[in-house]
Amino acid sequence: MFDLIKKMLMLLTVAAGLALLVNGLSPHGIPLIGQWDTEVGVVTADTDTAALWMDFEISSPQAAKQVFDAGEALFLDVRSRDMFAAGHIPGAVSLPLGDFDAMVEGFAAKIPPQQPIITYCSGRLCQDSHTVAQLLMERGFENVVVYIDGFPGWIENGYPVATP
Amino acid sequence: MDTLSQHPDAGWWANGWVDLALRWLLGGLFVLASVHKIMDPAAFAKIIFGYDLFPAVAINLIAIILPYIELTAGLALITGVYPRAAAVILGGLLLGFILAISINAWRGHVFDCGCFASGEAALWQGTPGWMLGRNGFLLVIAWSITAFRGQRKILVRTG
């Protein structure tokens with residue numbers, strides 16, 4: 001029995017050592033502690049990226065509504081087509097993350113790079129709006145921010161909803 | 001017939017080749033399962049977060065280390081390095097998975113972040129019933145490898 005436990009501990013030690021070593025060296029590695037508190041922001045394992053994101057976030061529905069009322073920004077809904085059809089922020093354009101590659105050329109042809117764009121998805125458990133924001137920035141869009149409370153935060157506050 | 005290789009009262013299941021086949025099956029499945037978790041630890045961490053069973057400080061550590069436990073124990077089973085210890089470890093993981101899935105099925109907890117990325121991840125996870133059935137089947141295999149007392153085939157380190 002003692003021998004078995006000793007051998008299990010040896011295997012587990014090798015596994016943990018290898019894991020921490022590779023995680024530390026790999027470009028896909030993540031910090032030892034993540035950001036999993038929705039009070040703080042969008043949940044993510046990668047706190048380094050999350051800290052960078054903070055500069056490009058609208059972190060309350062009220063702030064998003066102010067931008068909406070100003071009427072200059074284009075709201076970009078990156079959720080699935082079904083979710084968009086069930087209800088979205090009025091005037092928002094649907095660009096699901098899953099269809100990004102197929103649709104981005106048509107989008108870029110119509111929207112100038114200076115256009116203020118606000119991406120949103122399903123709230124603080126969802127990183128898709130950040131992913132799309134990053135992809136758009138990489139394509140040269142200059143004014144992209146993420147509204148992190150997404151559509152759930154919007155309807156919770158009773159703001160107007162459009163259905164196509 | 002190599003009678004020395006078998007326990008005196010053992011049946012066909014105590015055959016060293018059957019044991020090897022079971023070791024390769026269980027080890028191979030865990031090695032395969034570990035690969036995409038190792039490739040994308042951030043996505044795996046979010047799945048663990050979705051189970052809503054672990055403290056926030058532990059989630060990333062689990063996501064980093066668990067896949068390597070699967071990989072190391074899986075390779076140990078395949079190559080015959082401490083196969084019994086490896087089978088007990090994987091059996092323990094399977095018990096943990098079964099417990100986690102059962103708790104969430106019982107309390108009706110389903111993680112739906114409404115996202116594209118994790119939606120895809122949910123596809124390879126499958127329904128709770130399928131996961132419980134599969135893990136239960138694999139647990140029987142892990143137990144069988146643990147209980148094996150005959151002469152193992154392909155063995156680098158006993159135990």
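Order of the sequence lines sets the chain letters (A, B, ...), proteins ahead of strands, with each chain counted from 1.
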Top residue by heavy-atom pair count (under 4.5 Å) with chain B, among Asp3(A), Val43(A), Thr44(A)? Val43(A)
For chain B, which of Arg124(A), Arg79(A), Gln127(A) has the most heavy-atom pairs under 4.5 Å? Gln127(A)
Output the distance between atom [atom1] ([X]) and atom [atom2] ([Y]), rounded to the nearest 0.5 Å.
X: Ser122(A); Y: Asp112(B); atom1: OG; atom2: CG; value: 7.5 Å
X: Ile30(A); Y: Phe44(B); atom1: CD1; atom2: CZ; value: 9.5 Å
X: Tyr82(B); Y: Lys6(A); atom1: OH; atom2: NZ; value: 7.0 Å

Side chains of Asn60(B) and Trp36(A), heavy atoms from C-beta outward: is any pair under 4.5 Å? yes
What residues of residues 12-23 of chain A make heavy-atom contacts with chain B at a cutoff under 4.5 angstrom? Leu12(A), Val14(A), Ala15(A), Ala16(A), Leu18(A), Ala19(A), Leu20(A), Val22(A), Asn23(A)
Do [X] and [Y] sit in the same hydrophobic cluster, where Ile, Leu, Val, Met, Phe, Trp and Tyr count as joined when their side-chain heavy atoms come under 4.5 Å apart?
X: Phe54(B); Y: Ile33(A); answer: no
X: Val67(A); Y: Val93(A); answer: no
X: Leu94(B); Y: Phe137(B); answer: yes
X: Val132(A); Y: Ile118(A); answer: no
X: Phe56(A); Y: Trp53(A); answer: no

Of all the heavy-atom pairs spanning [X] and [Y], show the shortest one and how long it is.
X: Ala45(A); Y: Ala45(B); answer: CB-CB, 3.6 Å
X: Pro41(B); Y: His28(A); answer: CG-O, 3.2 Å
X: Leu125(A); Y: Cys115(B); answer: O-SG, 3.7 Å

Under 4.5 Å heavy-atom distance to chain A, tell me which part of [X] shows up: side chain, backbone, both or neither.
X: Ala86(B); value: both
X: Thr158(B); value: backbone
X: Ala76(B); value: side chain

Mind checking side chain to side chain contact (heavy atoms under 4.5 Å, CB included) for Arg139(A) and listing every partner two or more places apart, or none if nothing turns up?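 For Arg139(A), the residues satisfying side chain to side chain contact (heavy atoms under 4.5 Å, CB included) (neighbours in sequence not counted) are Val104(A), Glu105(A), Ala108(A), Phe141(A).
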Hey, which of Leu61(B), Val57(B), Ile64(B) has the most heavy atom pairs under 4.5 Å with chain A? Ile64(B)
Over 12 non-hydrogen atoms of neighbours within 6.0 angstrom of CE in Met103(A): yes
Is the number of heavy atoms from other residues, nucleotides or ligands under 6.0 Å of Gln114(A) CD greater than 12?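 More than 12 within 6.0 Å, yes.
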Name each donor-acceptor pair under 3.5 Å that joins a side chain in residues 23-31 of chain B to protein atoms two or more places apart or in another chain, with its distance.
unit_1   : atom_1 : unit_2    : atom_2 : d
Arg23(B) : NE     : Leu77(B)  : O      : 2.9
Arg23(B) : NH1    : Lys153(B) : O      : 2.8
Arg23(B) : NH2    : Leu77(B)  : O      : 3.2
Arg23(B) : NH2    : Ile154(B) : O      : 2.8
Trp24(B) : NE1    : Ile78(B)  : O      : 3.0

Show me the side-chain donor-acceptor pairs of residues 97-111 of chain B shorter than 3.5 Å, one per line, residues at least two apart or across chains.
unit_1    : atom_1 : unit_2    : atom_2 : d
Ser102(B) : OG     : Ile98(B)  : O      : 2.6
Asn104(B) : OD1    : Arg107(B) : NE     : 2.8
Asn104(B) : OD1    : Arg107(B) : NH2    : 2.7
Asn104(B) : ND2    : Tyr51(B)  : O      : 3.1
Arg107(B) : NH2    : Tyr51(B)  : O      : 3.0
Arg107(B) : NH2    : Asp52(B)  : O      : 3.0
His109(B) : NE2    : Gly50(B)  : O      : 2.7

